[in-house]
Amino acid sequence: MNSATVRFRLQDWFRVPRRQRRAFAVLLLCLAFFAVSCGSVVTLLVLEVRREAPQTVPAQAAPQPASAPGSAPPEEAFSGGVLPPGEDAGEEYLNETVWLGDSNMVRMYLYELVPLENYMAVEGLGIEGFAEVACVSFVNDPKTYTIAEALALVQPRRVVMTFGTNNADGKFTSEEFIRLYGAAVAALQQAAPDCDLIINAIPPVGEVRSYPDVTMETIDAFNAALEAFCADRHIAFLRSDTALKGKNGFARPEYVVEDGLHMSEAGLRALMRYLCEHPLATRRQGIIHSGLPPRSPPQFS
C-alpha cells in the first residue's frame, strides 16, 4: 500500500458523516471492552480451577522424616568373618559373655577372671564333644548337661567358642575339623537361636612345649579354615591369635604356662581385652542366666 492510497482512504473516511463516524468509534470501543472482559473472565475461571484442583506431589519428591537430633545412624548388620577393631565394649560386654571351650576356658574360672556362670568348659574337650560330653551341672539338679543342652536352658546373650587345641595333635585334617565344628555350631544355633555367636581362633602354643604333637602348623591351618568357615556362614570370627603371638609365630612366652600349651593368666587377660576391643554389635535382646539355679562348681581331679 503506497502513500497515495492511504491519503485516499483517509479522505474517504472524512467524507463519512460525523454521526456515523462517532457511532463506528463507539462500536469499536464496545468491541474492545468486550474482548478485555472475556479475557479476564477466562483468566479468573482458570485460576479458580487450579486453586480447587488437588495438589499432588510425586512419590520421589515426598519429604523424608528427619532423624532425631543426636540419634545414631542405622546400624549395618555384620556380614560375618573377622571382627574389625572397634570402641572398647567394656565390663558390661564381658558380663554378658559366656565362654565355651576346653581347659583354657576352665582356667578363666580358676584364675577368677570370670564367675562360674560365665563359662561352660571341660579339660581335654575337643570340638567333637560339644553336644556329646556332659560337663555342665546346676545346683539342686542331679542331671549333668552337655554344653548344647545347658545353652538351651540358660539362653545367654553372647557366647565365645574356643575349641581346637585338643584336635591339633595330627589326628584330624582341616576338613574333618571344620565338619565337626559345623555340627557343633548347628547344635548351638538350635539350642539358643537368639544367642550371638563368636568363634574364637585357636590360641597359639609355645615354641617349647610338653605336647610336641600339637603344632603351630596345624593350628594355623585350622584357624585359616575357621576364618573361611565363618565368612561363608556369616559368623563372627575373633582373630585373637594374632594378638597372642610373638615375632617367631608362636605364643608369647608370658602368655603360656610352663607346659607351653595352656594359657597363662596374662594370656587370658590379653584375650579378654582383645574381645572387648573387637566387639560384635547387634540389636538382639537375648537374656543371660534366665533365673535358673546357680551353677554347681566343677569337680577337678
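Follow the hydrophobic side-chain contacts under 4.5 Å out from L94 and you reach Y111 in the same cluster. Hydrophobic clustering of Ile, Leu, Val, Met, Phe, Trp and Tyr side chains at less than 4.5 Å, counting indirect connections, unites V82 with I219. In this structure, F130 is a member of the same hydrophobic cluster as V185, with clusters built from ILVMFWY side-chain heavy atoms closer than 4.5 Å. Hydrophobic clustering keeps L261 apart from V208 (ILVMFWY residues linked when any side-chain heavy atoms are closer than 4.5 Å, directly or through intermediates). Placement of Y255 and W99 within a single hydrophobic cluster is found when ILVMFWY residues are connected by side-chain heavy-atom separations under 4.5 Å, directly or transitively.
For the pair S174 and A221, the tightest heavy-atom approach, listed with the atom from each and the gap, is OG-CB, 3.8 Å. Shown here for F250 and M216, the closest heavy-atom pair between the two residues is CD2-CG, 3.3 Å. Closest non-hydrogen pair, L268 versus M108, comes out as CD1-N, 3.8 Å. Of all the heavy atoms in D220 and K245, the pair that sits closest is OD1-NZ, 2.9 Å. When all heavy atoms are compared, the tightest approach of G101 to L125 is O-CD2, 3.8 Å. Residue V159 comes nearest to L151 through the heavy atom pair CG1-CD2, 4.0 Å, listed as atom of the first residue, atom of the second, then distance.
Across P203, S103, P204, a single residue satisfies side-chain contact (heavy atoms from CB on, under 4.5 Å) together with T165, and that is P203.
Atom CG of L280 sits about 5.0 Å away from atom CD1 of I198, to the nearest 0.5 Å. With values rounded to the nearest 0.5 angstrom, C276 atom SG is found 11.0 Å from E92 atom CD. To the nearest 0.5 Å, atoms CG (L83) and SG (C230) are separated by 9.0 Å. A distance of 6.5 Å separates CG in L238 from CG in L271, rounded to the nearest 0.5 Å.
Considering only heavy atoms from C-beta on, L244 stays 4.5 Å or farther from R252 through its side chain. Under the 4.5 Å side-chain criterion, counting only non-hydrogen atoms from C-beta, L100 is in contact with F163. Side-chain atoms of C135 and I147, non-hydrogen and from C-beta on, do get closer than 4.5 Å to each other. The shortest distance between side-chain heavy atoms of T215 and R209 falls below 4.5 Å. Proximity of I199 to Y181: side-chain heavy atoms (C-beta onward) are separated by under 4.5 Å at one or more points. Side-chain contact between F172 and L180: present, with at least one pair of heavy atoms (C-beta onward) separated by less than 4.5 Å. Contact annotation: the side chain of T242 approaches that of Y274 to within less than 4.5 Å [non-hydrogen atoms, C-beta and beyond]. Counting heavy atoms from C-beta on, the side chains of N223 and R239 come closer than 4.5 Å.
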Open item on the list: Does D196 form a side-chain contact (heavy atoms from CB on, under 4.5 Å) with R157? I'd like the steps, not just the answer.
Closed with: CA-CA 6 Å; D196 286 335; R157 171 71 172 81; 2.5 Å; yes
TODO: Report the C-alpha distance between M105 and V160 in whole Å, list the side-chain angles of each, state the deciding distance to 0.1 Å, and finish with yes or no for side-chain contact (heavy atoms from CB on, under 4.5 Å).
DONE: CA-CA 10 Å; M105 299 302 100; V160 176; over 6 Å; no
Task: side-chain contact (heavy atoms from CB on, under 4.5 Å) between M272 and T97, intermediate numbers included - done: CA-CA 10 Å; M272 297 172 76; T97 301; over 6 Å; no
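For CD of E254, the number of neighbouring non-hydrogen atoms (other residues, nucleotides, ligands) closer than 6.0 Å is greater than 12. Surrounding OH of Y211 are at most 12 heavy atoms belonging to other residues, nucleotides or ligands under 6.0 Å away. Summarising the local packing, CD of E176 is surrounded by more than 12 heavy atoms from other residues, nucleotides or ligands at distances under 6.0 Å.
In this structure Q189 satisfies the side-chain hydrogen bond (donor to acceptor under 3.5 Å, both in side chains) test with no other residue, sequence neighbours excluded. Residues forming a salt bridge (Lys or Arg N to Asp or Glu O under 4.0 Å) with E277 (at least two apart in sequence, or on another chain): none.
Ring-plane geometry between F222 and F177 is classed as parallel, the angle between the planes falling under 30 degrees on a 0 to 90 degree scale with a further cut at 60.
At distances below 3.5 Å, not a single donor-acceptor pair connects side-chain atoms of D102 with backbone N or O atoms of G126. In this structure, the side chain of N104 engages the main chain of M263 through a donor-acceptor pair within 3.5 Å.
Defined by atom type and a distance below 3.5 Å, a donor-acceptor pair is present between the side-chain atoms of N200 and T162.
Under a 4.0 Å N-O distance rule, the pair E265/R269 qualifies as a salt bridge.
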